[in-house]
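To start, the structure under review is shown below, and the notes come after it.
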Amino acid sequence: MADFRKYVVYEIYPKSFCDSNGDGFGDLRGVTGKLDYIQKLGVDYIWLTPFFVSPQRDNGYDVEDYYRIDSRYGAMGDFEEMVSEAAKRGIRVMLDMVFNHTSDRHQWFQKALAGDEAYKDFYIFRKGKEPGVPPTNWESKFGGSAWEYVEKFDEYYLHLFDVSQPDLNWDNPKVRREVQKVIRFWMAKGVKGFRFDVVNLISKGKFEDDFEGDGRRFYTDGPNIHKYLQELNAVTFGTDAEIITVGEMSSTSMENCFRYASEDGMELSMVFNFHHLKVDFMGNEKWVLVPADFQKLKNSLFSWQEGMAEHHAWNAVFWCNHDQPRVVSRFGDEGRYWKESAKMLATMIHCLRGTPYIYQGEELGMTNPNFTDISQYRDVESINHFRILQEKGLSEADAYRILQIHSRDSGRTPMQWTGGKSGGFTEGEPWIEVNQNCDRINAAQQLSDEHSIFHYYRKLIALRKTYDVIAMGNIEPLARRDPAVFAYRRTWEEEELLVICNFYGRDVTWDGDGTYLPKKLREDGYERILGNYEDWRMEGDIFALRPYEAIVLYRKRK
Ligand code: GLC
C-alpha cells in the first residue's frame, strides 16, 4: 500500500487556478505551467476538482460525460501532458469522481427522461405521496425540496443537490458497473489517486419523511455503503497498490469512518469529515452568524484524532477546500496578525495524525473577498440561499453578511500569482472577481520572502518527510480545557513532538498541563524545530505565548 502517511496533497480548483488562453477560466495547461511552483512547495499529489464535460451549474460537480474533458479546461492531450510533467517532478495526480449524481444533461438521464425504463432505473424515480406532494419531505442541500416532479411520468426524481444533479441508483448493478468502467479508464491514463465526492450518500435507505431533520439520516452512511465501497475497491483502484483514495463524507459518523478508512485497505485510504468545520454553524445549519466555538473545535478534532488512531483508521486533515471560506478569515486574523495566524493554523493541522490537504492559495494566506453585491457571486448554493434567507425574513444586509462569511465562492476567487492585473490569473476577464488584496497577497512576493507563509508551508511539508513522528506517531491531546491553547504531543519510537498553538490574537499563558514546563523541556533536550516568531522563549515554568504563536518542539530520546 502506498504510504500516504508521509504525503501531502494540494487541491487545485482548475477554474480558478491559472488561465493559459485568456478566456477567463483556468485550464489544464495553466496547471502544467505552474507545476514548478507546486514542486517547490514539496507536495506529493495534486487533486484536481472535476474538469469533465459539464453544464457547470455546480462548477463541474454536475458531470455530463465522465470520459471527456470540458473544452473550457483543454483537451485529453493537455491532460496527458499534465500527468507526465507532474510525474517528472515527483507529483502524482488525483481526480475527483462524482458518482452520487450526474448532470441532468448526462445521456443516461436524457434517456431516462425519454422513457427508457432501463435508464430510468439508473436514477431514483418515485411516485408522490399524493397529488402535488413529493415522496418525502427531504430538503436539497442547496435549498428547496430534494424531489423534482416530471409530469410525463407523474413521478419525482431525487436530487440531494441541485435540481440539475439527479442522484444515481447504486442499488442497480448496471450503475455500479458503469462507475467501475470510468475509474478504470482514468487509471489507464496514469491517475494515481481518487477523491470520491459525497460518497457516503450513495446508498439510500428508507424513503420516509423526516420530522427531525432534513432527511439526511435516511441516506447518510446508508445500508449498503460498505458493501459498495468494498466492491469498487476490489475491482478497480484496489488492484493498484500505488493508488490512494479519499472519500468526502458528508455528515458522517466516526464509527462508519473506522470502516471507510481502516488500515486494512478494504474500502478507502482516508476520509474527509467536516465536524470540526461546523463550529460556526447552528447544528447543521450553516446559513447563520455564530461565532466559532473553540472548545467545540478542539473536542471535535481531538475526538476524531483519538478515535481514528484507536481503530487503526486514517484521516485527511485540512481547513480549506473549494466548499469552505478561507481559514485565515474564518479562524485567524486578516489584519494585524494575518501572517502569524495563517502560520499558526497551518502548524495546528499539519502536525496532526493524518494526511494534510492544502487548498490552492491557502499557502499564501489568501482571504475571503467579502463581496457586497449578489452579482459578484457565482455559486448556485450561495445564490439560492441569498433568496431563501430573505424569504425567511432576514434583511438584505444580514443576508450579505452571512454570505460573506459562509459562501463557497470565498474559496473560489482566482489564485493570486502576482500583484498585477487580475492577480496574474488571466489576461482576460476572470469568471469570478479576483480579491482586491492581490497587490499585497500574491505568490511572486512570497516566493522571494523567506519569512512568507508560502515558505512556512514548505517547511511544514519538509518536516513531515524528515521526522517520522509527524507521519506515524501516536497522538495525545493536551490543554484540553484551556480556553485559548491548542496543544498536543506525538510519540513514535524514540521520537517526541510537542505542538503548542495560541488560537487567539492576545498574549496567553499555558502551564504545560503541569508537566510540560518550558525550562524543563529545554533541560530534557527538546529543541524548537519550527515556530512563527523569530525567537524562542523557553524560560520559567509557564509558556508565555504571543498572539497566534505556534511552537513545534522535538526531541529524540537517547
Ligand atoms: C461536494 C463537492 C461540492 C459539490 C457537491 C455536490 O460536496 O465538494 O463542491 O457541490 O459535492 O457534488
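One-based numbering, in listed order, for ligands and for the atoms of each. What you are looking at is a predicted structure, and each value in this text was computed from that prediction instead of being measured.
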Notebook entry, point to check: Are Phe196 and Tyr260 close enough that their ring centres sit under 6.0 Å apart?
Noted result: no

Note to self: Does the Lys NZ or Arg CZ of Lys206 fall within the cation-pi geometry relative to Phe218 - under 6.0 Å from the ring centre and within 45° of the axis?
What the structure shows: no

Next item on the list: Answer yes or no for Lys189 and Phe185: cation-pi contact, defined as NZ/CZ to six-membered ring centre under 6.0 Å and angle to ring axis within 45°.
Entry: yes

Notebook entry, point to check: Does NZ or CZ of Arg72 lie under 6.0 Å from the centre of the six-membered ring of Phe25, at an angle within 45° of the ring axis?
Noted result: yes

Note to self: Cation-pi check for Trp431 against Lys15: NZ or CZ below 6.0 Å from the six-membered ring centre and within 45 degrees of the axis, yes or no?
What the structure shows: yes

Note to self: Can you tell whether the side chains of Arg68 and Asp65 come within less than 4.0 Å, N to carboxylate O?
What the structure shows: yes

Tabulation required: pairs of a nitrogen or oxygen in ligand 1 and a protein nitrogen or oxygen under 3.5 Å; columns are atom names and distance to 0.1 Å; otherwise 'none'.
{"residue": "ligand 1", "atom": "7 (O)", "partner": "Glu248", "partner atom": "OE1", "Å": "3.2"}
{"residue": "ligand 1", "atom": "7 (O)", "partner": "Glu248", "partner atom": "OE2", "Å": "2.9"}
{"residue": "ligand 1", "atom": "7 (O)", "partner": "Asp323", "partner atom": "OD2", "Å": "3.4"}
{"residue": "ligand 1", "atom": "8 (O)", "partner": "Arg195", "partner atom": "NH2", "Å": "3.1"}
{"residue": "ligand 1", "atom": "8 (O)", "partner": "His322", "partner atom": "NE2", "Å": "2.8"}
{"residue": "ligand 1", "atom": "8 (O)", "partner": "Asp323", "partner atom": "OD2", "Å": "2.5"}
{"residue": "ligand 1", "atom": "9 (O)", "partner": "His322", "partner atom": "NE2", "Å": "3.0"}
{"residue": "ligand 1", "atom": "9 (O)", "partner": "Asp323", "partner atom": "OD1", "Å": "2.7"}
{"residue": "ligand 1", "atom": "9 (O)", "partner": "Asp323", "partner atom": "OD2", "Å": "3.4"}
{"residue": "ligand 1", "atom": "9 (O)", "partner": "Arg408", "partner atom": "NH1", "Å": "3.4"}
{"residue": "ligand 1", "atom": "10 (O)", "partner": "Asp58", "partner atom": "OD1", "Å": "3.2"}
{"residue": "ligand 1", "atom": "10 (O)", "partner": "Asp58", "partner atom": "OD2", "Å": "2.5"}
{"residue": "ligand 1", "atom": "10 (O)", "partner": "Arg408", "partner atom": "NH1", "Å": "2.9"}
{"residue": "ligand 1", "atom": "11 (O)", "partner": "Asp197", "partner atom": "OD1", "Å": "2.9"}
{"residue": "ligand 1", "atom": "11 (O)", "partner": "Asp197", "partner atom": "OD2", "Å": "3.0"}
{"residue": "ligand 1", "atom": "12 (O)", "partner": "His101", "partner atom": "NE2", "Å": "2.8"}
{"residue": "ligand 1", "atom": "12 (O)", "partner": "Asp197", "partner atom": "OD2", "Å": "2.8"}

